[in-house]
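Lettering of chains follows the sequences in order, A, B, ..., and the numbering in each one begins at 1.
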Amino acid sequence: MVVTRFAPSPTGYLHVGGARTALFNWLYARRMGGTFILRIEDTDLKRNTPTAMQQVIQDLRWLGIDWDEGPEVGGPNGPYLQSRRRDIYDQYITKLLDQGKAYYCFDTPEELEALRREASEGKQGFVYQRPDQFPDTRDVERARSEGRPVTVRFAVPQDQPIIVQDVIRGDVTFGPGEVQDFIIQKSDGFPTYHFAVVVDDELMGATHVIRGQEHLMNTPSHQALQAALGFRTPVYAHMSVTVSESGGKLSKRERPKALRERIKSMNDPDLESLALAGGISTEEMESFLNKKTTPDMPAIDAMAAHLGVHLPEINVVDFFRSGYLPETMVNFLALLGWNPGDDREVMDREELIAAFNLDRLSKSNSLFDRKKLMSFNTEHIKRVSPAALLGHYKAFLAEIGSPAARAEDERLTRILKVCLGARTLEEIEQKTRFLFVDNTKVDYDETAVEKVLFKHNGLGVLAEVGDQFKALAEITAESIEQVLRGLADQKQIGLGKVAQPLRVAICGTTISPPIFDSVDMLGMDNTLARIRIAIEKFDNKN
RNA sequence: GCCCCCAUCGUCUAGCGGCCUAGGACGCCGGGUUCUCAUCCCGGUAACAGGGGUUCGAGUCCCCUUGGGGGUACCA
């Protein structure tokens, strides 16, 4: 029986790197008919944010990654929040202490820092000196009374090499002395990650640990701990890392960075109103631009929205808000460091599960290519069922607060149908926003008006279109098409010369779904009203 | 500094000693379809990081160099 787990620390939204790790573990469990566990690693009080767990859970749900054990669903090996498992960790810490396999330390962070600095100045690696005699309980009491911090360190056996058998990388050997003693219990009484992960993976029965390459160096420590506690060693798979276009690990810092660069590239940014939009002070803005501090994500998002700039998506929720489908994300993320071994690329969850295995994971890092992601999204928009697409679209509209969110399903279905070929849901929303604004509130694009209405007798043609529409008995996309094509033929001009003025009149821009559908969806009354308004508004200016 | 991992088109990758004059996809460039945008169709461009071995034969195995990434926390 295969048991895998995803163990995020709740520090904020789930980012794509974490989503990929979750996905690989989930795919493997599903492929093998095993169990997938969600465990929250909240052992660092300083880093945890209260809502982060909910955000991570939401993001996983959106992706369609479900868990058999974990928060909200329970399970036989709970609790699934490490902060609620303190007594369990304490038992094992005591055991190691009693067996002389771990020892108390009283160093202050400052002392350790000084030792490290000294080592690096001498171009030496820092090695913690294990005392010849381990402190006893009296020493602990004395240290406590002196106000010194008390931590517990694991004494890593130094006589044997430790071999990590990684399914992706093969055997990786760490010589004796290369793995040094490390803290397993912090001075606040919480276990460190290294300890909690080992205990929980044992107790929860994890058979396979699929995680990022950044954990490879931690693995010998974990194995030493497993040996000392008499635990199994799970199968390890250290995946390649996903890097961003700007080089380096795909990081949450990219969004603030992109925004900062954008602001700095503006010749006269209105910093005051921008700070206001972000809900931060002008001092904070100053500090942000000088790379001293970074406002929180909502502030960054708000400022980006205020400027109308598109920040690179990093968190799963960013992709949702940009109009990507969960199917796209799952497919694309799965192909970052894995492939099915044939030429298939566009796949749904079931196909991925059926094809997934651990032997086809690649060793080298991969770059997150947004262009390819977009092409995958185009494919999935065409591939998912109309009902599923409608569901995704409604969720998207609600998330971004679009006025279209209130539209009936039938109307939205029509919109999706005529927008097939769109690359993102955002594109569809923007392209059909004109359907949801008041006739008098159409936002006319200056260059579009200039280019289409003022040239080639655009307004004149528009007036004729209006006249013919008024005379139209039956109103369907087909009859509208007949009118427009007939008019173009009659005037010996291209259809574009007829369609574009009409498009600008009803949409305000030169971009919309096919004009016949656009008119039909808007309704003839509204169309005639907008034609009249456009002519009144622009005729005298020509 | 030390330790570890990695290395095929711009990008994701196929390739597990001869099937490779290196395949696919995205991008890009050119052409076509079209009422706009997008889609769609056709064509093209483009890679085995460098140097040594091993072998009858190396993209595929070994070593070195270079480059990239990661680790070196009372973060996970």
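- A close approach under 4.0 Å does occur between a side-chain nitrogen or oxygen of A:R485 and OP1 or OP2 of B:C35.
- The aromatic rings of A:H380 and A:F376 lie tilted to each other, with the angle between the two planes from 30° to 60°.
- Nucleotide B:A7 forms a pair with B:U66, judged by Watson-Crick or G-U wobble geometry with both contacts under 3.5 Å.
- Taking the centre and axis of the six-membered ring of A:F190, the NZ or CZ atom of A:R86 falls inside the cone set by 45° and 6.0 Å.
- Base pairing analysis places B:G1 opposite B:U72; the two distances defining the Watson-Crick or G-U wobble pair are each below 3.5 Å.
- Under 4.0 Å is where a charged nitrogen must lie from a carboxylate oxygen, and between A:K417 and A:D517 no such pair does.
- OP1 or OP2 of B:C75 lies within a sub-4.0 Å distance of a side-chain N or O belonging to A:K186.
- Under the 3.5 Å distance criterion, with hydrogens and angles disregarded, no donor-acceptor pair is assigned to the side chains of A:Q500 and A:H456.
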Please tabulate the protein-to-nucleotide N/O contacts below 3.5 Å involving nucleotides 26-33 of chain B, giving atom names and distances.
{"unit_1": "B:C26", "atom_1": "O2'", "unit_2": "A:K372", "atom_2": "N", "d": "3.3"}

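- A donor-acceptor pair under 3.5 Å is absent between the side-chain atoms of A:S187 and the main chain of A:P149, judged by distance alone.
- B:U72 atom P lies 13 Å from atom CD1 of A:I183, rounded to whole Å.
- Base pairing of B:A38: no nucleotide in any strand meets the Watson-Crick or G-U wobble criterion (both distances under 3.5 Å).
- Of all the heavy atoms in A:A102 and A:I184, the pair that sits closest is CB-CD1, 4.2 Å.
- Across the protein-nucleic acid pair, A:Y193 atom OH and B:A76 atom C1' stand 7 Å apart, rounded to whole Å.
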Interface polar pairs with nucleotides 13-15 of chain B, N/O, under 3.5 angstrom:
{"unit_1": "B:U13", "atom_1": "OP1", "unit_2": "A:G337", "atom_2": "N", "d": "2.9"}
{"unit_1": "B:U13", "atom_1": "O3'", "unit_2": "A:N339", "atom_2": "ND2", "d": "3.0"}
{"unit_1": "B:A14", "atom_1": "OP1", "unit_2": "A:N339", "atom_2": "ND2", "d": "2.8"}
{"unit_1": "B:A14", "atom_1": "O3'", "unit_2": "A:R360", "atom_2": "NH2", "d": "3.4"}
{"unit_1": "B:G15", "atom_1": "OP1", "unit_2": "A:R360", "atom_2": "NH1", "d": "3.4"}
{"unit_1": "B:G15", "atom_1": "OP1", "unit_2": "A:R360", "atom_2": "NH2", "d": "3.2"}

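- The pair A:E446-A:K451 does not count as a salt bridge, with every side-chain nitrogen at least 4.0 angstrom from each carboxylate oxygen.
- Rounding to the nearest 0.5 Å gives a distance of 13.5 Å between CD1 of A:I415 and CG of A:L420.
- Checked for salt-bridge contact, A:E111 and A:R148 meet the test: a charged N lies under 4.0 Å from a carboxylate O.
- Nucleotide B:A14 has no partner under the Watson-Crick or G-U criteria, as no pair reaches both atom distances under 3.5 Å.
- Put simply, the side chain of A:D445 never gets that close to the backbone of A:T509: no donor and acceptor are under 3.5 Å apart.
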Using atom names, set out every protein N or O paired with an N or O of nucleotides 59-64 of chain B below 3.5 Å, distance rounded to 0.1 Å.
none

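- Across the C1' atoms, B:U13 and B:U72 are found 32 Å apart, a figure rounded to whole Å.
- Between B:A76 and A:K46, no contact under 4.0 Å exists linking OP1 or OP2 to a side-chain N or O.
- Between A:F356 and A:W338, the ring planes lie tilted relative to each other; the angle falls in the 30° to 60° range.
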Got a list of side-chain donor-acceptor pairs under 3.5 Å for residues 483-494 of chain A, not counting sequence neighbours?
{"unit_1": "A:R485", "atom_1": "NE", "unit_2": "A:E481", "atom_2": "OE2", "d": "2.8"}
{"unit_1": "A:R485", "atom_1": "NH2", "unit_2": "A:E481", "atom_2": "OE2", "d": "3.0"}
{"unit_1": "A:K491", "atom_1": "NZ", "unit_2": "A:E464", "atom_2": "OE2", "d": "2.6"}

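- Look at CZ on A:R370: it is 24 Å from P on B:A25, rounded to the nearest Å.
- Ion pairing of A:E146 with A:R144 is absent here, as no side-chain N (NZ or NE/NH1/NH2) approaches a carboxylate O to less than 4.0 Å.
- The phosphate of B:U72 (OP1 or OP2) has no side-chain N or O of A:R116 nearer than 4.0 angstrom.
- Note on ring orientation: taking the six-membered ring where Trp is involved, the planes of A:H194 and A:H222 are tilted (angle from 30° to 60°).
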N/O contacts under 3.5 Å, protein versus nucleotides 1-5 of chain B?
{"unit_1": "B:G1", "atom_1": "O2'", "unit_2": "A:K123", "atom_2": "O", "d": "2.8"}
{"unit_1": "B:C5", "atom_1": "O2'", "unit_2": "A:R169", "atom_2": "NH1", "d": "2.4"}
{"unit_1": "B:C5", "atom_1": "O2'", "unit_2": "A:Q213", "atom_2": "OE1", "d": "3.1"}

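- The partner of B:A22 cannot be assigned: no Watson-Crick or G-U wobble pair with both contacts below 3.5 Å exists in any strand.
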Protein proximity profile, nucleotides 41-48 of chain B - base contact B, sugar-phosphate-only contact S, no contact -, cut-off 4.0 Å on heavy atoms: --------
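- No engagement by A:H238 is indicated, since no non-hydrogen atom pair under 4.0 Å with the nucleic acid exists.
- B:C28: Watson-Crick or G-U partner is B:G44, with both key distances under 3.5 Å.
- No more than 12 heavy atoms of other residues, nucleotides or ligands sit less than 6.0 Å from atom CD of A:E118.
- When both distances must be under 3.5 Å, the Watson-Crick or G-U wobble mate of B:U54 does not exist.
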